[in-house]
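By convention in this document, chain letters (A, B, ...) are assigned in the order of the sequence lines, proteins followed by strands, and residues within each chain are numbered from 1.
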Amino acid sequence: MYRIVRKKELGPNLVELEVEAPLVAVKAQPGQFVIVRLHEKGERIPLTLADWDAQRGTITLVAQMLGKTTYQLGLEYGEGDCLQDVVGPLGNPSEIELYGTVVVVGGGVGIAPIYPIARALREAGNTVIGVVGARTKALLFWLDRMEQICHELHVTTDDGSHGRKGVVTEPLRAILAARKVARVWAIGPAIMMKFATQTAQEFAVPIIVSLNTIMVDGTGMCGGCRVEVQGQARFACVDGPEFDGTQVHWDLLLARLGAYKEEERCALEQYLAVKEGRR
Amino acid sequence: MIRPTQVPMREQEPWARIRNFEEVPFGYEPEEAVAEAERCLQCKKAPCIPGCPVQIDIPKFIREIREGDFRAAIRTIKEMNNLPAICGRVCPQETQCQAVCTLGKKHEPVAIGRLERFVADWEYEHGVELPPVGQPTGFRVAVVGSGPAGLTCAADLRRLGHAVTMFEALHEPGGVLMYGIPEFRLPKRIVLAEIENLLRMGVELRLNVVVGRTLTVDELFALGYHAVFVGSGAGLPKFLGIPGENLIGVYSANEFLTRTNLMRAYLFPEYDTPIKVGKTVAVVGGGNVAMDAARTALRLGAEKVMVLYRRTEAEMPARREEIHHAKEEGVEFHFLVNPLRFLDSGGRVSAVECIRMELGEPDESGRRRPVPLPGSNFVLPVETVIVAIGNDPHPLIPRTTPGLAVTKHGTLVADAEGRTTREGVFAGGDIVTGAATVISAMGAGKRAAQAIHEYLLSRYRQKAATFLKRR
């Protein structure tokens with residue numbers, strides 16, 4: 001069992017969890033993910049590692065409450081509670097090298113997994129420019145952490161409640177237009193990564209994205225996470241989760257993310273109705 | 001006078017069983033088992049024994065059934081086979097022990113599998129005897145994977161007195177027995193009971209450890225294991241590589257079966273994992289996994305399930321019994337048909353375009369190669385497709401283990417006893433052979449356990465001697 005040692009609400013429907021998982025904490029590298037199962041009847045969901053502490057034997061996860069599983073995690077699981085299963089670290093680590101100047105873009109809950117990548121890039125000697133954004137101020141988090149790591153940090157909100165009003169691609173475009181950037185990392189909602197990719201492509205700058213597909217086992221066994229990259233079927237869990245953004249078939253990815261939309265809605269509604277009834 | 005035909009095994013009626021996930025056959029009653037056992041000729045040179053991948057003394061256990069000594073019969077089986085309740089259900093006896101049965105020359109062969117199943121189930125009802133565990137040797141062995149190969153290897157090593165830890169990547173042990181083979185063919189309580197017995201023998205089980213990621217083989221040695229057995233299974237599902245294969249509604253059989261069996265998606269929303277099955281389902285492939293997928297689709301509510309196979313029924317690798325069950329349940333078989341592409345409607349698969357095939361010259365597998373008939377294209381409307389054309393070996397362990405050679409197919413290089421190219425590392429099951437049967441994986445696990453035992457005693461002769469002296 002994997003005990004939650006710390007839980008923090010980062011914003012509305014946004015939780016940060018520090019979980020005991022010593023074997024994962026020792027091995028974790030930026031860009032990797034874990035598969036989590038809450039309880040005996042739970043589904044297996046992938047969550048990208050936001051941080052880890054080998055000494056404490058813990059990993060940090062950030063989850064946005066979207067479907068039944070993440071709602072249940074947010075509403076019912078607190079400090080001292082245990083997650084039934086945590087397995088990892090899975091997927092290939094980010095390719096961290098000295099590139100020169102790099103831009104890391106984190107959108108929404110994607111700010112969490114971009115943070116350890118930014119940190120590793122900084123440690124490798126890169127000049128790290130951060131761009132983070134969310135719909136509104138309340139959904140922004142870890143700005144202090146990102147400020148510490150990045151040489152420069154740009155913040156956007158869709159509604160202008162914090163930082164610049166607009167979306168992350170706007171500062172990204174301005175940065176790419178103004179200076180020579182060796183590489184971009186973008187993590188966030190698929191639609192944001194798609195547009196970040198288009199922006200990077202305009203300037204012919206390589207862009208790496210992290211694909212958070214639907215997964216079951218997360219170890220390559222089921223193929224449910226397949227995406228089309230460079231015209232080839234690839235498994236996000238074992239061939240990724242990071243890919244060259246310019247080679248990703250975005251529309252297919254977006255469609256596949258919605259494969260169980262109806263079931264997800266039904267499960268969430270039923271769950272919330274039961275919760276409501278109990279209250 | 002010998003009864004020419006096998007004592008039939010009662011089973012759920014097809015119309016009833018396609019609405020549930022309960023086991024199809026009910027198994028023999030004691031009188032039925034004794035009657036079937038009486039058909040055995042008790043051959044002196046019993047051909048069935050070498051016909052069995054783990055060489056069970058078949059005439060002996062059948063004789064014991066005939067004498068009504070079911071306890072003795074299960075003991076005889078368990079001398080060679082730790083998992084008889086599983087093998088009695090999923091072994092392809094008709095191509096192994098029963099294929100060479102002397103009685104089979106004139107009549108139906110003895111129903112060895114049904115008898116094995118009978119005594120294994122009898123033991124569950126009347127109390128399981130654990131095999132004796134050997135005196136502790138001081139050696140520790142890591143077993144990677146808790147499927148048929150790993151379970152067998154772990155049990156045999158434990159019997160020899162070694163300390164054994166099984167590492168499993170998933171959240172439940174059992175490998176393909178849990179995620180792959182459906183409940184109606186192999187009830188999960190049987191698998192879990194077998195694993196429980198292993199734990200009672202003192203085998204340690206660590207779930208959620210992906211060897212190659214969470215821990216490497218080298219790290220297992222660094223943790224103090226003296227040998228490692230790799231039984232990590234078949235790995236990555238193969239796809240056809242045709243247009244439209246990534247549309248929503250196209251599943252690999254692994255995903256379809258894992259969602260249903262391991263994640264219990266058939267109980268959604270009580271269980272959180274969903275699965276989606278349309279009214280019309282096409283299953284591509286002709287093996288046991290294809291049969292499992294087709295029959296599972298029916299139970300999940302499909303109205304029409306078609307198996308598309310590019311050769312004829314004679315070439316199908318699936319067990320006859322599985323094909324028979326699938327037909328009884330109303331699965332349609334379309335032979336000499338190959339999918340060319342999947343068509344979509346709003347991002348979901350809506351049809352499969354196929355071409356008719358004919359059989360040409362034999363290929364390297366000895367089966368006649370299917371060749372397409374130009375211009376014979378046709379379109380079948382479908383809402384769900386399940387691709388069941390096999391698996392490629394998982395590259396994770398070879399890639400993260402220096403010194404471990406792989407074949408051109410990506411399987412681990414290992415000799416008949418499971419010795420790999422790396423000292424102290426043994427392997428068996430699908431990771432060595434490619435997709436095969438439960439019993440062949442068990443046979444490999446068994447031989448590897450013996451080889452590991454011999455390796456430990458010779459490699460660490462001094463350590464073994466001092467340890468034994470100290471005792």
Side-chain angles (χ1 to χ4, degrees), chain A residues 2 21 23-24 26-27 32 34-35 37-45 67-69 72 84-91 214-228 232-233 235 238-239 249 251-260 262-264 266-271, chain B residues 168-172 175-176 179-180 206-210 212-216 219 232-241 245-259 262-265 267-276 344 346-348 387 391-392 394-396 399:
Chain A
Y2 304 81
L23 289 179
V24 184
V26 168
K27 273 303 183 64
Q32 292 187 298
V34 289
I35 292 265
R37 197 173 70 120
L38 299 188
H39 50 74
E40 279 300 335
K41 295 181 175 178
E43 59 180 339
R44 294 169 64 99
I45 58 161
K68 190 215 158 179
T69 299
Q72 195 167 25
Q84 181 78 32
D85 300 291
V86 174
V87 57
L90 300 170
I214 295 174
M215 292 185 187
V216 185
D217 63 292
T219 65
M221 198 181 82
C222 86
C225 65
R226 62 197 189 280
V227 289
E228 220 169 280
Q232 300 258 319
F235 292 0
V238 289
D239 299 322
H249 187 329
D251 295 340
L252 181 76
L253 176 80
L254 284 158
R256 285 186 68 87
L257 285 171
Y260 295 99
E262 279 167 49
E263 288 78 4
E264 285 161 1
C266 134
L268 179 61
E269 275 173 11
Q270 198 171 323
Y271 170 71
Chain B
E168 168 57 48
L170 293 171
H171 60 259
E172 272 182 344
V176 73
Y179 74 75
R206 299 284 310 270
L207 299 172
N208 295 326
V209 177
V210 180
R213 286 281 186 214
T214 317
L215 288 171
T216 62
E219 284 164 339
S232 53
L236 316 178
K238 278 189 205 172
F239 284 94
L240 297 151
E245 200 161 21
N246 299 323
L247 289 167
I248 300 171
V250 182
Y251 287 96
S252 73
N254 276 8
E255 180 181 3
F256 191 78
L257 293 171
T258 300
R259 281 181 182 269
L262 181 72
M263 306 309 297
R264 322 284 198 272
L267 299 172
F268 178 85
E270 184 199 343
Y271 280 72
D272 290 339
T273 305
I275 194 160
K276 224 171 178 139
D344 84 299
R348 287 187 182 271
V387 179
N391 296 292
D392 284 323
H394 206 302
L396 196 53
R399 207 189 280 158

Determine the option with the most heavy-atom pairs under 4.5 angstrom with chain B, choosing from [options].
| options | result |
| --- | --- |
| Gly88(A), Ala21(A), Gly67(A) | Gly88(A) |
| Leu90(A), Leu38(A), Val24(A) | Leu90(A) |
| Gln232(A), Glu264(A), Gln84(A), Lys68(A) | Lys68(A) |
| Arg226(A), Glu263(A), Lys27(A) | Arg226(A) |

[X] portion near chain A, given a 4.5 angstrom heavy-atom threshold:
| X | value |
| --- | --- |
| Glu219(B) | side chain |
| Val387(B) | neither |
| Leu215(B) | both |
| Arg213(B) | both |
| His394(B) | side chain |
| Ser232(B) | neither |
| Phe256(B) | neither |
| Thr214(B) | both |

Using heavy-atom distances under 4.5 Å, tell me whether [X] contacts chain B through its side chain, its backbone, both, or neither.
| X | value |
| --- | --- |
| Gln72(A) | side chain |
| Gln270(A) | side chain |
| Leu268(A) | neither |
| Arg256(A) | both |
| Phe235(A) | side chain |
| His249(A) | neither |
| Thr69(A) | side chain |
| Val26(A) | neither |

So, taking the atom named [atom1] in [X] and the one named [atom2] in [Y], what distance separates them when rounded to the nearest 0.5 Å?
| X | Y | atom1 | atom2 | answer |
| --- | --- | --- | --- | --- |
| Asp272(B) | Ile45(A) | CG | CD1 | 10.0 Å |
| Arg44(A) | Thr258(B) | CZ | OG1 | 9.5 Å |
| Asp344(B) | Leu252(A) | CG | CG | 9.5 Å |
| Asn246(B) | Leu253(A) | CG | CG | 11.0 Å |

| Salt bridge or not for Arg37(A) and Glu172(B), using N-O below 4.0 Å? | no
Closest contact, heavy atoms only, [X] versus [Y]:
| X | Y | answer |
| --- | --- | --- |
| Cys222(A) | Ser252(B) | O-OG, 2.6 Å |
| Glu40(A) | Tyr271(B) | O-CE2, 3.8 Å |
| Tyr260(A) | Lys276(B) | CE2-N, 4.0 Å |
| Val209(B) | Val87(A) | N-CG2, 4.5 Å |
| Pro237(B) | Gly223(A) | CG-N, 4.1 Å |

Kindly indicate whether the side chain of [X], heavy atoms from C-beta on, has any atom under 4.5 Å from the side chain of [Y].
| X | Y | answer |
| --- | --- | --- |
| Leu170(B) | Asp217(A) | yes |
| Pro274(B) | Glu43(A) | yes |
| Glu270(B) | Lys41(A) | yes |

| query | Which of the residues Thr273(B), Ile248(B), Asn254(B) is involved in the greatest number of heavy-atom pairs with chain A at under 4.5 angstrom? | reply | Ile248(B)
| query | What residue, out of Leu396(B), Leu257(B), Leu207(B), Val250(B), has the most heavy-atom pairs lying under 4.5 Å from chain A? | reply | Val250(B)
| said: Looking at Arg206(B), I want to see if its CZ is surrounded by more than 12 non-hydrogen atoms of other residues, nucleotides or ligands under 6.0 Å. | reply: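 Not buried by this count: 12 neighbours or fewer within 6.0 Å.
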| message | Going by salt bridge (charged side-chain N to carboxylate O under 4.0 Å, His left out), name the pairs with one or both residues in residues 247-259 of chain B, residues two or more places apart or in two chains. | response | Glu255(B)-Arg259(B)
